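Shown next, in structure tokens, is the structure this report addresses.
All chains are named by letter (A, B, ...) in the order of the sequence lines, taking the proteins before the strands, and each is independently numbered beginning at 1. Since the structure is predicted, the reported quantities are computational estimates derived from the model, not experimental observations.
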Amino acid sequence: MLDLRILRDDPDLLRDNLAIRKIPVFDDLPVDAPDWAAKTVDRLRKLDEEYRRLLEEEERLRHEQKRIADEMKALGRLPRDEQAARRRPLVEEGRTLRERERLLADRVAEARAARDAAWSKVPNLTHPDAPRGDGDDAHRELRRVGTMRDFEAEGFAPKDHLTLAEGLGIVDFEAGAKVAGQKFYYLVEDGAMLDLALQMYALEVARRHGFRLHVTPDLARAEIVAGLGFQPRGPSTQIYSVEGTDLCLVGTAEITLGGMLADEILDAEDLPILLAGLSHCFRTEAGSAGQESKGLYRVHQFTKVELFAFTHGDVQVSDAMHRRFLDIEIEIFEGLGIPFRVLDMATGDLAAPAYRKYDLEAHLPGRGGWGEITSTSNCTDYQARRLKIRYRDPEAADRRRGRNRFVHMVNGTAVATSRAIVAILEHYQQADGSVVVPEVLRRWVGKDVLVPRA
RNA sequence: GGAGGAGUGGCCGAGCGGUCGAAGGCGGCGGACUUGAAAUCCGUUGAGCCCCCUUCGGGCUCCGUGGGUUCGAAUCCCACCUCCUCCGCCA
């Protein structure tokens with residue numbers, strides 16, 4: 001959620017930002033409608049003004065009510081016989097005020113809910129250097145790391161990860177489908193060890209960089225999920241809900257790590273707070289039917305080590321942290337020996353909470369292209385505002401704005417094991433279908449090479 | 001799952017239906033003392049929102065959350081959440 005002051009003080013900024021983000025706020029104002037951004041801002045302003053108008057009126061009524069109560073209190077000093085007579089009209093007036101105020105309170109709540117529902121869909125502001133545009137070619141490639149395999153020179157055609165995994169006997173999609181449905185799977189034998197090895201590897205790197213390690217809950221309250229900017233409910237949600245409760249299966253430990261400090265006021269000197277979280281991740285993949293329907297690349301459940309930072313509420317600071325996250329992600333996949341490229345994601349492709357996002361895309365010879373393996377986002381104060389995560393800023397002596405400021409929140413993937421396995425299988429495959437285990441994982445996998453079953 | 005008890009400001013902890021945004025303490029900040037620091041003393045110190053908007057100023061809300069009773073609720077009633085103790089069950 002953005003600061004409402006932007007709506008009131010700088011509507012043009014908001015309009016321009018909506019235009020480059022291409023995220024709709026009102027259903028009847030889709031991003032291809034004429035002047036949709038300006039019209040969206042107009043409507044937001046009307047909603048806000050309506051709410052404030054009603055609020056003012058309600059506050060006036062409440063003020064009156066308090067006046068009556070105070071007068072009543074003063075009657076206590078009068079002689080007994082006089083009190084009853086003086087009390088009656090006051091009680092009458094107070095009762096009338098109460099009724100009027102209650103009616104109005106409902107309208108205020110409605111107006112506020114309407115404004116907030118719309119406002120919470122407005123995306124975060126955008127880093128000035130993020131490339132504008134949308135679509136795959138709009139992203140800016142920042143660098144390439146590692147060496148791609150030259151299968152032509154090696155004299156064999158690369159297989160895709162699914163073929164390799166089946167040959168090795170390390171995933172069982174059939175059993176997954178039988179027990180839980182399409183896009184669920186079992187990791188078997190070396191597959192299980194590979195998954196755990198990636199987790200251990202990522203946790204070690206995270207810890208070396210000063211992140212405090214957590215195994216997080218895999219479920220979270222819908223309120224927390226929404227606080228992080230995810231849509232917990234609705235037809236297009238990516239999030240599973242547990243029936244009869246207000247719980248959701250988390251799509252990422254970003255939710256559980258970010259929610260940890262909800263409603264807290266931190267000490268400035270405790271920042272930045274660096275957390276790593278290991279969790280299972282569940283995604284409905286609504287709307288992605290048919291896309292990469294086979295294999296481990298897009299699945300309903302996987303395991304991930306997530307990095308998270310709470311920083312001072314200053315873009316300079318969170319920006320620097322964001323770059324640090326990117327460096328750690330690069331270090332992790334460089335350590336695995338996987339060739340990849342780094343993308344500065346285009347404005348039209350950023351999720352609502354992100355101010356800027358970098359993706360790492362591994363080169364996947366099996367599919368002959370690049371595939372996202374990790375990403376990192378600076379969400380500035382967008383999530384913190386709704387989660388009410390603040391810190392006392394001793395510098396900010398300004399009485400008007402208050403001493404407490406919202407933290408900035410940065411998240412990033414250390415390792416999503418399913419996609420890392422895809423990249424490892426495809427990059428490290430050999431002509432006979434065996435797969436070399438990346439050196440850094442061997443101490444946990446216990447093997448140098450995975451060999452196909454006879 | 002059953003039976004009790006409790007949730008108050010950054011933290012701890014008082015609180016009779018009106019005099020309570022809330023005693024007291026800790027912590028923080030400012031000052032005095034000191035060469036400096038500690039100790040001591042004095043003062044100060046919650047959050048959010050609305051109007052005004054430069055300040056000054058005015059107003060509303062908030063004592064776990066949401067309802068209710070009342071002219072008036074931190075205080076009474078109901079539901080939910082969380083924590084603690086005991087019993088049961090279990091990895």
### Task
Tell me whether the OP1 or OP2 atom of B/U61 has a side-chain N or O from A/Lys66 closer than 4.0 Å.
yes
I'd like a table of atom pairs between the protein and nucleotides 7-10 of chain B - only N or O on both sides, under 3.5 Å - with the distance next to each one.
unit_1: B/G10; atom_1: O4'; unit_2: A/Arg392; atom_2: NH1; d: 2.8

### Query
Can you check whether A/Arg60 has a side-chain N or O nearer than 4.0 Å to OP1 or OP2 of B/G59?
no
### Summary
Atom CD of A/Glu56 and atom C1' of B/G58 are separated, to the nearest Å, by 12 Å
### Query
Which class fits the ring pair A/Phe173 and A/Tyr185: parallel under 30°, tilted 30 to 60°, perpendicular over 60°?
tilted
## Note on the structure
To the nearest angstrom, the CZ-P distance between A/Arg221 and B/C80 comes to 14 Å
## Note on the structure
Rounded to whole Å, CD of A/Glu57 lies from P of B/C60 at a distance of 16 Å
Please produce a list of atom pairs where a protein N or O lies less than 3.5 Å from an N or O of nucleotides 65-74 of chain B.
unit_1: B/U69; atom_1: OP2; unit_2: A/Arg102; atom_2: NH1; d: 2.7
unit_1: B/U69; atom_1: OP2; unit_2: A/Arg102; atom_2: NH2; d: 3.4
unit_1: B/U70; atom_1: O4; unit_2: A/Arg102; atom_2: NH2; d: 3.4
unit_1: B/C71; atom_1: OP1; unit_2: A/Arg95; atom_2: NH2; d: 2.7
unit_1: B/C71; atom_1: OP2; unit_2: A/Arg95; atom_2: NE; d: 3.4
unit_1: B/C71; atom_1: OP2; unit_2: A/Arg98; atom_2: NH1; d: 3.4
unit_1: B/C71; atom_1: OP2; unit_2: A/Arg98; atom_2: NH2; d: 3.2
unit_1: B/G72; atom_1: OP2; unit_2: A/Arg98; atom_2: NH1; d: 2.4

### Task
Look at all strands and tell whether A/Arg8 reaches a base, only sugar-phosphate, or nothing, counting heavy atoms closer than 4.0 Å.
sugar-phosphate
### Query
Going by the salt bridge (Lys or Arg N to Asp or Glu O under 4.0 Å) test, which pairs reach into residues 103-118 of chain A, not counting sequence neighbours?
A/Asp48-A/Arg115, A/Arg112-A/Asp116
### Query
Relative to the 5' end of RNA chain B, which residue comes earlier, A/Glu64 or A/Tyr51, by the nucleotide with the nearest heavy atom?
A/Tyr51
### Task
Mind telling me whether A/Tyr240 and A/Phe184 have parallel, tilted or perpendicular rings, with 30° and 60° as the class edges?
tilted
### side-chain N/O A/His63 vs B/G59 OP1/OP2, d < 4.0 Å
no
